[in-house]
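Since the structure comes first, as structure tokens, the remarks are kept for the end.
The chains referred to below are lettered A, B, ... by the order of the sequence lines, with proteins before strands, and numbering in each begins at 1.
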Amino acid sequence: MKNFGIMFGKEIKEFLRTYKVFVVPGLFLLFGFTSPIITKVLPSLLSSLAEEINFVLPEMTWVDSYGQFFKNLNQMGILAIILTTMGTIAEERNRGISQLVLTKPVPRTSYVLAKYAANFLPIAFTTVLAFFATWFYTDVLFPDTVFLNGLGATGVYIAYLAVILALVILASAMTKSAIAAGGLTVLGLIILNLLPLFSKALSKYSPAVLADYIYQVAGGTAASGDVWGAIACAAGTVIILLTTASLVFSRKEL
Amino acid sequence: MEYVIQTNDLCRLFGSVKAVNNLNLNVPKGSVYGFLGPNGAGKTTTIKILLGLTKPSSGTITVLDQPAPSKNYLHRIGFLPDVPNFYPWMRGDEFLTFAGRLFAIPERELAKRRDELLEITGLKGVKTKIGGYSRGMKQRLGLAQALINNPEVVFMDEPTSALDPIGRKEILETISLISERCTVFFSTHILTDVERVCNRVGILNHGELIREESLADLQQDYASNAFRLGVIGDPAPFVQELRTKAWIEDIQADNDTLLLTAFDIQAAQREIPMLLSKHRLGLNKLEQVEMTLEDIFVRLVKQ
């Protein structure tokens with residue numbers, strides 16, 4: 001892990017000094033602020049748009065507000081993360097920057113892990129910030145909001161995010177093109193989402209089911225044993241994906 | 001002689017193509033080694049193997065007494081690729097600081113060395129981000145980062161091929177300057193650059209090292225048996241007959257000027273006047289020439 005700290009510092013600086021600092025954090029914070037408001041006004045908005053149709057919508061609660069927030073993060077958020085990180089190794093390799101860095105005493109494992117850590121931590125931090133924004137507005141707009149449910153769901157989302165990001169890093173280490181890395185990530189996600197179909201254990205603990213547990217934890221209906229089991233499996237999956245990424249990248253000719 | 005780079009029967013195959021074929025390099029300590037070859041000869045592949053960026057198919061490598069690919073020598077070398085690319089959001093001084101920290105250079109010493117290198121490469125005071133640098137500026141920054149750790153060997157892969165004449169001159173001057181304190185391994189196909197800064201050459205063609213010696217020896221070998229002959233009249237029949245002579249090695253004709261290389265100089269000196277007379281050709285020039293590296297290179301590659 002020689003020079004991990006220096007590589008990590010460089011990656012964090014890159015995050016802060018390029019467009020990356022605006023895209024994912026900006027989007028997440030936007031979802032954080034707007035999700036509770038959209039949830040609150042959606043029924044009246046639909047009624048006003050089509051006055052002749054009589055909409056019968058259940059009354060929205062803080063659970064719906066949290067649900068809206070995590071639905072946004074799961075769709076647009078994940079897409080933004082893939083788009084902004086898919087070139088993190090592939091592009092540097094393609095442009096020859098990695099040649100300059102890796103002919104200095106930088107082990108390829110440090111290079112790969114620094115990329116992962118420096119992409120993961122700011123996004124995880126932003127997710128927590130965005131949750132606080134959502135919790136604040138949810139608490140203002142809806143009665144009896146439970147803070148801990150939302151915080152727990154945020155934790156589960158971050159675990160899910162850790163797996164997705166490890167998948168992106170592996171894909172980026174495998175190829176020389178950011179677009180190909182994006183394609184490989186999507187393929188990996190499809191495989192990850194198919195896994196629960198193969199066995200009962202996988203349907204409970206595979207990383208893909210974390211996406212479902214987020215809503216259950218937010219609503220307070222999740223079985224905590226299953227959730228912790230899935231988080232442990234996610235941690236194992238991250239280790240496997242990153243080890244594979246390091247091995248693959250170590251064998252790549254630059 | 002102490003060698004800082006040695007390869008023994010180094011091979012690299014890409015499918016059935018031998019990009020590097022039984023390469024035996026010996027780069028002496030303190031030399032400026034011109035690694036010459038036409039495009040596609042295997043120069044970049046060789047450099048990448050020496051740097052551990054590409055794996056050899058077979059053969060052994062020793063860099064600074066360390067067997068490759070142990071990478072134990074990475075902190076003692078510098079590398080300048082042909083077209084260096086950097087993080088566009090950084091400034092040049094920031095990149096040098098980043099590179100220096102990777103070598104664990106103490107901060108105070110790093111600041112001093114960074115400023116010295118920025119001065120040498122003419123980048124001192126440039127506050128633009130690297131994304132706004134010209135190609136020449138990037139090349140000079142590439143040279144500075146290759147020298148940040150005071151390397152014992154600097155590898156340069158065609159460092160001047162993408163530059164304008166002024167940029168080339170600046171880079172060559174810097175190479176001359178640094179050659180006083182380290183060994184330079186310098187791949188190129190620009191022969192005038194080699195003549196200007198190198199004192200030893202290795203000539204590579206189709207992955208094979210066809211010649212390796214000091215530039216002075218190489219020029220000496222080829223200078224002693226070459227003549228430039230200026231003739232008056234049609235030289236074609238004369239050239240035709242010359243080609244039949246056992247003592248002639250090579251003839252390059254350029255209108256009425258001929259560049260002759262002979263195996264036996266005395267025979268050439270004796271017979272050329274007789275042949276000129278036989279073919280009723282006038283003579284306006286007959287001189288023994290020192291061949292340029294370009295002449296030597298073309299001949300070696302043609303052979």
Side-chain angles (χ1 to χ4, degrees), chain A residues 1-23 84-85 87-115 118-119 122 173 176-178 246-254, chain B residues 12 14 19 44-45 47-57 63 69-91 94-105 110 129-131 138 141-146 148-149 151 153-155 157:
Chain A
M1 290 293 278
K2 191 179 178 186
N3 279 328
F4 171 84
I6 294 164
M7 292 305 299
F8 177 76
K10 192 283 292 178
E11 294 294 334
I12 291 288
K13 264 190 198 165
E14 180 166 344
F15 183 85
L16 294 172
R17 286 168 62 174
T18 59
Y19 69 95
K20 285 182 185 178
V21 73
F22 300 109
V23 180
T84 54
T85 53
T88 190
I89 296 174
E91 274 300 304
E92 285 196 6
R93 197 171 146 226
N94 187 32
R95 293 172 54 209
I97 300 176
S98 52
Q99 277 189 6
L100 272 192
V101 174
L102 294 168
T103 46
K104 297 175 173 54
V106 180
R108 295 199 188 187
T109 304
S110 298
Y111 181 87
V112 170
L113 295 185
K115 291 270 181 201
N119 278 292
K176 235 179 163 179
S177 136
S246 291
L247 289 172
V248 166
F249 191 59
S250 297
R251 281 163 175 71
K252 285 280 176 199
E253 302 206 330
L254 301 176
Chain B
R12 172 63 211 226
F14 290 107
T44 299
T45 304
I47 288 189
K48 282 186 173 182
I49 292 172
L50 295 173
L51 293 167
L53 296 172
T54 295
K55 290 181 177 65
S57 302
V63 178
S70 72
K71 297 188 180 176
N72 287 337
Y73 52 82
L74 287 182
H75 63 287
R76 295 165 66 194
I77 65 163
F79 170 52
L80 171 63
D82 52 350
V83 184
N85 266 313
F86 303 90
Y87 304 111
W89 52 271
M90 270 190 187
R91 293 193 315 268
E94 287 178 319
F95 189 84
L96 292 187
T97 305
F98 164 67
R101 285 179 181 156
L102 293 176
F103 289 105
I105 301 168
L110 174 58
K129 286 181 182 167
I130 301 171
K138 281 185 185 170
L141 180 62
L143 191 54
Q145 64 79 36
I148 192 75
N149 56 326
V153 183
V154 182
F155 293 86
D157 187 13

**Q.** Contact leader toward chain B among L102(A), I6(A), V106(A), V101(A), where contacts are heavy-atom pairs under 4.5 Å
**A.** I6(A)
(Q) Can you confirm whether more than 12 heavy atoms, excluding those of K252(A), are under 6.0 Å from its NZ atom? (A) yes
Q: Heavy-atom distances under 4.5 Å only: say whether S110(A) touches chain B with side chain, backbone, both or neither.
A: neither
**Q.** R108(A): salt bridge (Lys or Arg N to Asp or Glu O under 4.0 Å) partners, not counting sequence neighbours
**A.** none
Q | Contact class of T103(A) relative to chain B, heavy atoms under 4.5 angstrom | A | both
Q) For chain B, which residues from residues 7-17 of chain A have at least one heavy atom closer than 4.5 Å to it? A) M7(A), K10(A), K13(A), E14(A), R17(A)
Q: List for me each residue that meets salt bridge (Lys or Arg N to Asp or Glu O under 4.0 Å) alongside R95(A), sequence neighbours excluded, and say none if there are none.
A: none
Q. Under the side-chain contact (heavy atoms from CB on, under 4.5 Å) test, which residues partner L247(A), sequence neighbours left out?
A. T243(A), R251(A)
Q.
Please determine whether the number of non-hydrogen atoms from other residues, nucleotides or ligands lying under 6.0 Å from atom CZ of F22(A) exceeds 12.
A. no
Q | Part of E94(B) within contact of chain A (heavy atom distance under 4.5 Å) | A | side chain
Q.
Using the rule given for side-chain contact (heavy atoms from CB on, under 4.5 Å), can you reason through I97(A) versus Y87(B), listing the C-alpha separation, both sets of side-chain angles and the distance that settles it, and then say yes or no?
A. CA-CA 7 Å; I97(A) 300 176; Y87(B) 304 111; 3.5 Å; yes
Q: State which residue, out of K55(B), R12(B), K48(B), fulfils the salt bridge (Lys or Arg N to Asp or Glu O under 4.0 Å) condition with E253(A).
A: R12(B)
Q) Do F79(B) and K104(A) have side chains that get closer than 4.5 Å, going by heavy atoms? A) no
Q: Provide the closest heavy-atom pair for N3(A) versus L102(B) in the form atom of the first, atom of the second, distance.
A: ND2-O, 2.9 Å
